[in-house]
Number of protein chains: 2
Amino acid sequence: MFDVKYDSGVPIYLQIIHLIRQKIVSGEWAPGSRVPGVRDLAIEFGVNPNTMQKALSELEREGLLYSERTAGRFITENTGIIDAARERLAGQVLAEFIKQMAQMGFTRERTIKLVESAFENHAGLSKREENS
Amino acid sequence: MFDVKYDSGVPIYLQIIHLIRQKIVSGEWAPGSRVPGVRDLAIEFGVNPNTMQKALSELEREGLLYSERTAGRFITENTGIIDAARERLAGQVLAEFIKQMAQMGFTRERTIKLVESAFENHAGLSKREENS
DNA sequence: ATTATTGTATTATGTGCTTAATACAATAAT
DNA sequence: ATTATTGTATTAAGCACATAATACAATAAT
């Protein structure tokens with residue numbers, strides 16, 4: 001169900017953190033809602049429960065998740081934290097992209113053209129329609 | 001001189017491969033030109049010679065570098081390989097960017113605006129002025 | 001009260017990354 | 001001819017990641 005790449009060199013638990021963080025900041029996983037248990041998530045992602053636990057602990061440390069002893073784990077209701085995480089993440093993704101393209105010698109105009117023509121195949125996948 | 005991040009979770013040798021690959025596809029390291037020896041490069045990047053060797057071997061496998069037994073290592077003169085590598089790399093970087101932004105709920109228009117305003121701080125760093 | 005489910009912790013094993021310390025072969029420089 | 005420099009290979013050690021197999025504590029469900 002979730003595509004964790006074992007061959008990218010990036011530790012799996014970091015990839016999972018990134019995937020879940022995006023589900024939260026995109027609103028696909030709504031604030032306050034419960035997330036599956038560690039064992040179920042481990043199965044869904046096809047990883048060991050310990051690895052999933054490691055990822056969830058980190059997201060908890062970031063304040064995006066919190067655990068209720070035996071009831072399970074939930075997305076934070078604090079939308080401020082979520083919004084901040086989205087801004088921060090978007091900024092990082094954007095900066096990295098610009099840096100890479102510039103480093104490869106692509107001009108601003110050419111890069112924009114590429115973005116314009118490449119964005120078509122990704123419309124309407126998220127529950128968030130606008131972030132202005 | 002070169003900023004290798006030890007804390008990103010990405011293996012150092014992969015980061016080095018990426019950095020050098022970009023130097024080649026951007027033209028900063030010209031086709032046919034000699035690159036420093038493994039030991040010197042290791043010092044410049046602040047890593048172990050073995051780690052640098054591992055990175056260089058992979059770039060050699062890709063055809064971007066070749067080694068002349070005792071004379072040293074050189075960038076390929078085959079600009080076709082370099083161009084192909086640049087197209088491939090640019091495509092990956094672009095696709096990843098679009099995917100991330102779309103996943104976070106950013107629209108095409110908002111993304112383009114962000115790219116437009118963010119590209120200012122990176123002008124004129126490369127020797128390649130245009131890739132059209 | 002008992003059972004099942006939750007998060008959490010522990011110990012062990014295997015693998016890949018990184019450094020370290022050498023050593024060797026080939027050849028350019030002297 | 002000798003020396004220095006090049007790429008390359010080997011062995012050992014430490015560390016983080018990932019899996020496996022359990023176990024425990026707390027509490028919701030029965």
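In the text below, chain A, chain B and the rest are named by the order of the sequence lines, each starting its count at 1. The basis for the numbers below is simple: all heavy atoms, side chains too, and nothing from hydrogens, waters or symmetry mates. Owing to the predicted nature of the structure, the values given are computational and were not obtained by experimental measurement.
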Checklist line | Short side-chain N/O contact to D:dA18 OP1/OP2 from A:Thr51, under 4.0 Å | finding: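 So the side chain of A:Thr51 is outside the cut-off, no N or O lying under 4.0 Å from OP1 or OP2 of D:dA18.
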Item checked: Presence of A:Arg34 side-chain N/O under 4.0 Å of C:dG7 phosphate oxygens OP1/OP2 -> no
Give the rounded distance in Å between these two atoms: [atom1] of [X] and [atom2] of [N].
X       : N      : atom1 : atom2 : value
A:Gln15 : D:dC17 : CD    : P     : 13 Å
B:Asn48 : D:dA9  : CG    : C1'   : 14 Å
A:Gln53 : D:dA18 : CD    : P     : 14 Å
A:Phe74 : D:dA28 : CZ    : P     : 10 Å
A:Met52 : D:dA20 : CE    : C1'   : 16 Å

Which atom pair, heavy atoms only, marks the closest approach of [X] to [Y]?
X        : Y        : answer
A:Leu114 : A:Ser117 : O-OG, 3.1 Å
A:Pro11  : B:Gly9   : CD-O, 3.0 Å
A:Thr79  : A:Pro31  : CG2-CG, 4.1 Å
A:Phe45  : A:Ile16  : CD2-CG1, 4.0 Å
B:Ala90  : A:Met104 : CA-CE, 3.8 Å
A:Val10  : A:Leu14  : CG1-CB, 4.1 Å

Next item on the list: Could you work out which one of D:dA20, D:dA9, D:dT6 sits closest to the side chain of B:Asn50?
Entry: D:dA9
Next item on the list: Pull out every residue in residues 35-43 of chain B that has a heavy atom closer than 4.0 Å to any atom of DNA chain C, ordered by number, or say none.
Entry: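 The stretch gives B:Arg39 as the residues lying under 4.0 Å from the strand, ordered by number.
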Next item on the list: Apply side chain to side chain contact (heavy atoms under 4.5 Å, CB included) to B:Glu60 and B:Arg73, showing your working.
Entry: CA-CA 9 Å; B:Glu60 198 162 322; B:Arg73 220 182 232 98; 3.1 Å; yes
Check: Salt-bridged, A:Glu116 to A:Lys113, with N to O below 4.0 Å?
Finding: no
Check: Side-chain donor-acceptor pair under 3.5 Å between B:Gln92 and B:Glu96, yes or no?
Finding: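 Distance-only check fails for B:Gln92 and B:Glu96.
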Notebook entry, point to check: Any side-chain donor paired with an acceptor under 3.5 Å for A:Gln22 and A:Glu28?
Noted result: no
Notebook entry, point to check: Where are the stems of DNA chain C, defined as at least 3 consecutive Watson-Crick or wobble G-U pairs with both distances under 3.5 Å?
Noted result: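 Correct response: C:1-30 with D:1-30.
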Check: What pairs with A:Ala71 under side-chain contact (heavy atoms from CB on, under 4.5 Å), at least two apart in sequence or on another chain?
Finding: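 Once residues adjacent in sequence are excluded, the partners of A:Ala71 under the side-chain contact (heavy atoms from CB on, under 4.5 Å) criterion are A:Glu68, A:Phe74.
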Margin query: What residues from residues 61-71 of chain B pass a heavy-atom cutoff of under 4.0 Å to DNA chain D?
Written below: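 B:Ser67, B:Arg69, B:Thr70 - these, ordered by number, are the residues of the stretch whose heavy atoms sit under 4.0 Å from the strand.
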Notebook entry, point to check: Can you name the residues that form a ring pair (Phe, Tyr, Trp, His ring centres under 6.0 Å) with B:Tyr13, not counting sequence neighbours?
Noted result: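 B:Tyr13: no ring pair (Phe, Tyr, Trp, His ring centres under 6.0 Å) contacts found.
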Where do N or O atoms of nucleotides 14-17 of chain C meet protein N or O atoms at under 3.5 Å, pair by pair?
from, atom 1, to, atom 2, distance (Å)
C:dC17, OP1, B:Tyr13, OH, 2.9
C:dC17, OP2, B:Lys54, NZ, 2.9

Check: In this structure, which one of A:Thr76, A:Ile81, A:Ile82 forms a side chain to side chain contact (heavy atoms under 4.5 Å, CB included) with A:Ile24?
Finding: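 Per the side chain to side chain contact (heavy atoms under 4.5 Å, CB included) rule, the option paired with A:Ile24 is A:Ile82, out of A:Thr76, A:Ile81, A:Ile82.
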